[in-house]
Amino acid sequence: MVFPTPEQANLEFQRLSKTVFLYTPPTTPPANSTDPTTILICQWMGISPKSRSLNTAYNQYRSLYPNSRILSVRSIPEYFSTATASTRRAPLKQIISAIDSDPAPEKRILVHLFSNGGSLSFSDISEIYKQGTGHVLSVTAIIFDSCPGRPTPTEGWAAMSVGLPKGILWYPAAISIFLILGVIAIGRYGLGIPTFLDRVFSKLNDWELVDRRAKRLYVWSDADKIVAARECREHARLAKLEGVKVETLEETETAHMTALVKDGKRYWSTIEKFWKDTK
């Protein structure tokens with residue numbers, strides 16, 4: 001297997017909405033192909049389209065499965081603060097036609113979720129698809145990279161403070177985050193009200209929304225300060241108790257969302273084998 005560098009040219013995506021983008025390969029797969037027909041990538045919160053890590057994922061998938069379509073879904077920072085559920089889901093309505101436009105007679109969908117941004121997007125996609133079609137989105141396999149998590153206030157700060165402005169503008173931005181985290185903490189710990197990420201955690205093991213037959217690969221790191229390994233382990237354990245086929249890739253030293261680059265050979269070899277064993 002060849003591991004392309006992230007400096008290779010980015011793929012050309014068609015913009016379907018504010019958050020949904022589709023890459024269509026120039027060639028059609030051979031009739032006997034067992035590669036994914038569509039790869040659904042649910043990005044992590046606030047990642048730039050020029051991100052080295054995101055483009056590494058695109059290039060690795062292009063190398064592994066050159067005839068696969070790639071549907072990429074952005075996760076915007078305000079989705080974790082001020083945006084309503086209807087605002088968050090409105091751009092995702094294109095997802096039904098985008099998924100169903102897969103021309104393969106036998107669709108093989110590989111879902112790759114990155115962090116809580118990806119978890120939230122896929123939870124929304126699953127609900128939109130169920131509401132729009134009346135049935136659960138059929139997928140072959142799901143990769144949970146550093147997700148899903150139910151962050152503590154400390155972990156929430158670690159996630160939301162990434163990318164804060166420098167200098168004097170840091171203070172009002174930080175105060176806004178503290179206020180949001182304070183309200184969430186009062187509701188969660190004082191009043192017993194689950195956060196939206198608590199609900200996402202549960203929804204991703206809700207078989208009325210998510211395909212129970214899909215094989216799963218969970219990736220986590222003991223060094224992750226944003227989505228704790230304990231959360232990923234617990235979600236994997238609960239899925240396995242329900243009869244889901246689960247595999248894991250455990251890191252010990254990589255920070256949040258860095259294994260795909262810093263431990264790239266092991267990471268992508270594991271994904272390649274995971275898909276091969278799924279078929």
Side-chain angles (χ1 to χ4, degrees), residues 1-6 8-14 16 20-43 54-73 94-114 118 121-122 125-126 129-130 132-145 207 209-219 239-240 243-249 259-260 263-279:
M1 172 184 171
V2 177
F3 291 92
T5 65
Q8 290 179 327
N10 295 341
L11 305 182
E12 293 187 10
F13 283 84
Q14 176 189 359
L16 303 183
V20 181
F21 301 82
L22 174 64
Y23 164 75
T24 303
T27 57
T28 57
N32 61 349
S33 174
T34 56
D35 291 350
T37 56
T38 296
I39 300 168
L40 173 58
I41 294 178
C42 295
Q43 302 175 20
L54 181 60
N55 282 286
T56 293
Y58 291 155
N59 288 327
Q60 296 289 4
Y61 274 128
R62 181 75 176 98
S63 176
L64 282 170
Y65 313 116
N67 297 311
S68 299
R69 304 188 320 154
I70 299 177
L71 261 175
S72 191
V73 179
Q94 297 287 346
I95 206 74
I96 297 177
S97 58
I99 290 171
D100 289 347
S101 68
D102 184 336
E106 181 183 342
K107 296 179 176 60
R108 296 178 297 276
I109 300 177
L110 170 62
V111 179
H112 197 145
L113 312 182
F114 288 105
S121 292
F122 188 61
I125 288 168
S126 298
Y129 196 88
K130 178 69 179 289
T133 66
H135 58 83
V136 172
L137 172 61
S138 178
V139 302
T140 306
I142 308 174
I143 300 167
F144 293 79
D145 187 336
W207 316 126
L209 294 175
V210 180
D211 193 342
R212 186 175 188 169
R213 302 166 299 172
K215 188 176 178 181
R216 296 184 174 192
L217 171 65
Y218 287 83
V219 182
K240 201 169 184 178
V244 178
K245 294 180 180 179
V246 171
E247 294 184 11
T248 63
L249 174 60
L260 77 164
D263 194 15
K265 185 174 182 179
R266 179 171 175 248
Y267 184 97
W268 293 104
S269 294
T270 299
I271 287 176
E272 183 180 28
K273 183 177 184 301
F274 168 70
W275 178 260
K276 183 178 179 181
D277 294 343
T278 299
K279 295 176 292 189

* Asked: Excluding sequence neighbours, so at least two apart, what forms side-chain contact (heavy atoms from CB on, under 4.5 Å) with T133?
  -> I96, Y129, H135
* To do: For D102, check side-chain contact (heavy atoms from CB on, under 4.5 Å) against everything at least two apart and list the hits.
  => T37, T38, R69, A104, K107
* Please name all residues satisfying salt bridge (Lys or Arg N to Asp or Glu O under 4.0 Å) with D211, sequence neighbours left out, ordered by chain then number. => R213
* To do: Please tell me if the side chains of Y65 and I70 come closer than 4.5 Å, counting only heavy atoms from C-beta onward.
  => no
* To do: Given side-chain contact (heavy atoms from CB on, under 4.5 Å), test Y267 with D145 step by step and report yes or no.
  => CA-CA 10 Å; Y267 184 97; D145 187 336; 2.4 Å; yes
* Is S126 reaching over with its side chain to a backbone N or O of V210, donor-acceptor style, under 3.5 angstrom? -> no
* Under the ring pair (Phe, Tyr, Trp, His ring centres under 6.0 Å) test, which residues partner F114, sequence neighbours left out? -> W44, H112
* How many angstroms lie between atom CD1 of I125 and atom CD1 of I99, to the nearest 0.5 angstrom? -> 6.5 Å
* To do: Please identify each residue that fulfils salt bridge (Lys or Arg N to Asp or Glu O under 4.0 Å) with K130, with sequence neighbours left out.
  => E208
* Asked: Is the shortest heavy-atom distance from the side chain of L137 to the side chain of V111 under 4.5 Å?
  -> no
* Asked: Who passes side-chain contact (heavy atoms from CB on, under 4.5 Å) against F21, sequence neighbours left out?
  -> F13, R15, R74
* **salt bridge (Lys or Arg N to Asp or Glu O under 4.0 Å) partners for D263, two or more places apart** => R266
* To do: Calculate, to the nearest 0.5 Å, the distance between atoms CG and CD1 belonging to L260 and I143 respectively.
  => 11.0 Å
* Rounded to the nearest 0.5 Å, what's the gap from CD1 on I39 to CD on Q60? Could you check? => 11.5 Å
* Asked: Who passes side-chain hydrogen bond (donor to acceptor under 3.5 Å, both in side chains) against T28, sequence neighbours left out?
  -> none
* Assert yes or no for the condition that the ring centre distance of W268 to Y61 is strictly below 6.0 Å. => yes
* To do: Tell me, please, which residues at least two apart from E247 pass side-chain hydrogen bond (donor to acceptor under 3.5 Å, both in side chains).
  => K215
* Do V136 and W207 come within less than 4.5 Å of each other through their side chains, counting heavy atoms only? -> no
* Structure fact -> CG (L113) and CD1 (I41) are apart, to the nearest 0.5 Å, by 10.5 Å
* Asked: Do F274 and L249 have side chains that get closer than 4.5 Å, going by heavy atoms?
  -> no
* Asked: Which atom pair, heavy atoms only, marks the closest approach of V244 to A214?
  -> CG1-O, 3.6 Å
* Asked: Among all residues two or more places apart in sequence or in another chain, which pass the side-chain contact (heavy atoms from CB on, under 4.5 Å) test with P26?
  -> Y23, R62
* Mind checking what makes salt bridge (Lys or Arg N to Asp or Glu O under 4.0 Å) contact with D100, not counting sequence neighbours? -> none
* Asked: Where the side chain of S63 meets the backbone of N59, is there a donor-acceptor pair that is under 3.5 Å apart?
  -> no
* To do: Output all residues satisfying side-chain hydrogen bond (donor to acceptor under 3.5 Å, both in side chains) with S72, sequence neighbours left out; order by chain, then residue number.
  => Q43, Y58
* Asked: To the nearest 0.5 Å, what is the distance between SG (C42) and CD1 (I142)?
  -> 9.5 Å
* Distance from D277 atom CG to K245 atom NZ, nearest 0.5 Å? -> 10.5 Å
* Compare all side-chain heavy atoms of S33 with those of R108 and state whether any distance is below 4.5 angstrom. => yes
* Taking C-beta and beyond as the side chain, do L71 and L16 meet within less than 4.5 Å on heavy atoms? -> yes
